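Take a look at the structure set out below.
The structure presented is a predicted model; accordingly, all values stated were derived computationally and were not measured. Just so you know, ligand 1 is whichever comes first in the structure, and atom 1 is the first atom listed for that ligand. Positions are given from 1, in the same order as the sequence printed here. In what follows, every heavy atom counts, from backbone to side chain, and hydrogens, waters and symmetry copies are set aside.
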Amino acid sequence: MPILEVEGLSKYFGGLAALNDVNLSIQEGEIRGIIGPNGAGKTTLFNVISGVYRPSSGQIRYQGKTRIDGLSSSRIAGMGVVRTFQRTALYHHFSVLKNVIVARHLHAKENIFRVISGLAKKTEEKNTEKALEIVEFMGLGHLKEELAENLPHGHQRALGVAIAIACEPKVLLLDEPLTGMTPTEKDRMIDLIRKVHQQGITILMVEHDMRSVMELCGYISVLDFGMLLVEGPPAEIQNNEMVINAYLGTEDILSASTSA
Ligand SMILES: Nc1ncnc2c1ncn2[C@@H]1O[C@H](COP(=O)(O)OP(=O)(O)O)[C@@H](O)[C@H]1O
Ligand SMILES: [Mg+2]
């Protein structure tokens with residue numbers, strides 16, 4: 001049974017169809033790659049699935065029959081569909097651990113001021129333990145007291161994923177998790193994504209780094225001009241003429257796909 005089904009999904013900005021009648025069926029436990037040239041609608045797809053935007057039309061069904069299209073992002077996150085953002089840390093002047101603790105409290109809909117001021121001591125202790133577990137799981141244990149703003153880029157992105165994990169997702173949407181990373185940081189993030197996936201979390205990943213997409217994803221959906229161009233396993237997508245043509249003239253894919 002698919003964990004997430006997108007049917008006839010469209011999103012218009014003025015006259016522009018950022019998404020045009022997109023259908024997707026995501027199986028539980030897969031790592032799905034979403035690729036396509038800049039402006040293809042990938043981020044919009046994530047924004048609509050995660051409730052940042054309302055779709056103009058279409059349906060999004062979660063775990064069978066539950067419609068999540070049009071619900072608020074906090075409702076959707078509460079149900080287990082969580083996205084990461086480019087801006088990673090919730091609070092740049094908080095420690096790594098505190099960021100994850102706050103994310104857990106926010107997720108649990110507690111009074112954030114009580115949490116920050118330490119008034120909700122008991123709940124905080126309970127959550128700190130779980131937050132610490134997540135921080136360590138994400139390879140940030142040695143940096144737990146470091147301020148988020150002082151982390152190197154790769155670790156900031158890992159914290160972004162830790163914050164998303166704090167919301168106990170069943171489906172995790174990663175928008176360009178490898179962007180701006182050094183090769184070492186990329187390798188580390190790829191390992192983390194695999195580890196998260198091994199926890200049973202279904203992953204949807206938008207990424208331009210084709211080599212990593214091909215390596216991580218079992219199945220790939222290609223968007224172009226807001227439309228689903230083609231879908232298939234990595235080996236098929238890599239050699240698909242429509243995909244290669246869709247990317248012609250864009251800067252990032254050809255070198256990546258030939259070196260893959
Ligand atoms: N909030 C918005 N308002 C107006 N246009 C938008 C908005 N968000 C995205 N778009 C437009 O929708 C199209 C798809 O954008 P986006 O989803 O960001 O593409 P991608 O992530 O694939 O690069 C682009 O033409 C973009 O300019
Ligand atoms: Mg984008």
Side-chain angles (χ1 to χ4, degrees), residues 4 6-24 26 31-60 68-74 76-77 81-88 153-154 156-157 160-161 163-164 171-181 185-186 189-190 193 203-214 216-217 219-232 234 237-238 240 242-257:
L4 199 66
V6 166
E7 199 182 301
L9 195 69
S10 296
K11 176 66 187 175
Y12 291 91
F13 294 110
L16 172 92
L19 292 175
N20 191 349
D21 195 22
V22 171
N23 297 301
L24 286 175
I26 311 295
I31 305 184
R32 173 69 61 100
I34 312 280
I35 66 170
N38 285 328
K42 306 178 298 294
T43 296
T44 303
L45 175 68
F46 276 14
N47 281 333
V48 172
I49 291 174
S50 62
V52 175
Y53 296 141
R54 262 176 179 281
S56 304
S57 58
Q59 292 192 5
I60 305 167
I68 59 167
D69 45 276
L71 299 183
S72 72
S73 51
S74 61
I76 293 172
V81 180
V82 179
R83 64 160 297 170
T84 56
F85 284 91
Q86 206 78 21
R87 255 191 54 193
T88 51
H153 179 71
Q156 283 208 9
R157 301 303 301 269
V161 178
I163 285 167
V171 179
L172 182 62
L173 311 180
L174 300 171
D175 196 355
E176 301 194 22
L178 307 174
T179 295
M181 287 189 170
E185 289 174 332
K186 274 187 192 177
M189 180 56 86
I190 288 168
I193 293 170
I203 294 174
L204 268 72
M205 182 174 96
V206 167
E207 183 48 57
H208 283 296
D209 183 327
M210 281 310 116
R211 198 200 289 248
S212 306
V213 169
M214 300 295 165
L216 271 170
C217 303
Y219 208 75
I220 295 168
S221 304
V222 185
L223 284 180
D224 190 29
F225 292 109
M227 286 182 280
L228 189 65
L229 187 67
V230 64
E231 291 185 305
I237 293 300
Q238 216 167 350
N240 185 294
M242 280 196 297
V243 177
I244 295 166
N245 287 337
Y247 272 115
L248 276 178
T250 71
E251 65 292 349
D252 36 26
I253 184 155
L254 289 175
S255 55
S257 62

If you look at every heavy atom in G70 and P55, which pair is closest and at what distance?
-> N-CD, 3.9 Å
Please determine if F13 has a nitrogen or oxygen closer than 3.5 Å to a nitrogen or oxygen of ligand 1.
-> no
Just distances here: any N/O of N38 and N/O of ligand 1 closer than 3.5 Å?
-> no
To the nearest 0.5 Å, how far apart are [atom1] in [X] and [atom2] in [Y]?
X    : Y    : atom1 : atom2 : answer
I26  : I31  : CD1   : CD1   : 12.0 Å
L4   : L173 : CG    : CG    : 7.5 Å
M205 : S212 : CE    : OG    : 6.5 Å
N240 : N245 : CG    : CG    : 9.0 Å

Return yes when at least one N/O/S atom of N38 is nearer than 2.8 Å to the Mg ion (ligand 2), and no when none is.
-> no
Please list the nearest protein heavy atom to [atom] with its residue and the distance rounded to 0.1 Å.
atom                    : result
atom 17 (O) of ligand 1 : T44 OG1, 2.5 Å
atom 18 (O) of ligand 1 : T43 CB, 3.8 Å
atom 27 (O) of ligand 1 : L16 CD2, 4.7 Å
atom 19 (O) of ligand 1 : G41 N, 3.2 Å

Contact partition for V206 relative to ligand 1, non-hydrogen atoms under 4.0 Å = neither
Run the numbers on V22 and K11 for side-chain contact (heavy atoms from CB on, under 4.5 Å), then give the verdict.
-> CA-CA 10 Å; V22 171; K11 176 66 187 175; over 6 Å; no
So among R83, K42, R157, which one has a salt bridge (Lys or Arg N to Asp or Glu O under 4.0 Å) with D175?
-> R83
Give a yes/no on ligand 1: does F46 have at least one heavy atom closer than 4.0 angstrom to it?
-> no
Heavy-atom proximity to atom 14 (C) of ligand 1, best of G39, A17, G14, G36 = G39
Look at atom 12 (O) of ligand 1 and find which of A18, A40, G226 reaches it with the closest heavy atom.
-> A18
Would a distance-only check, ignoring hydrogens and angles, find a side-chain to backbone donor-acceptor pair under 3.5 Å from S56 to Y12?
-> yes
Check each atom of ligand 1 against the heavy atoms of Y53 and keep those under 4.0 Å away; list them by number with element.
-> 1 (N)
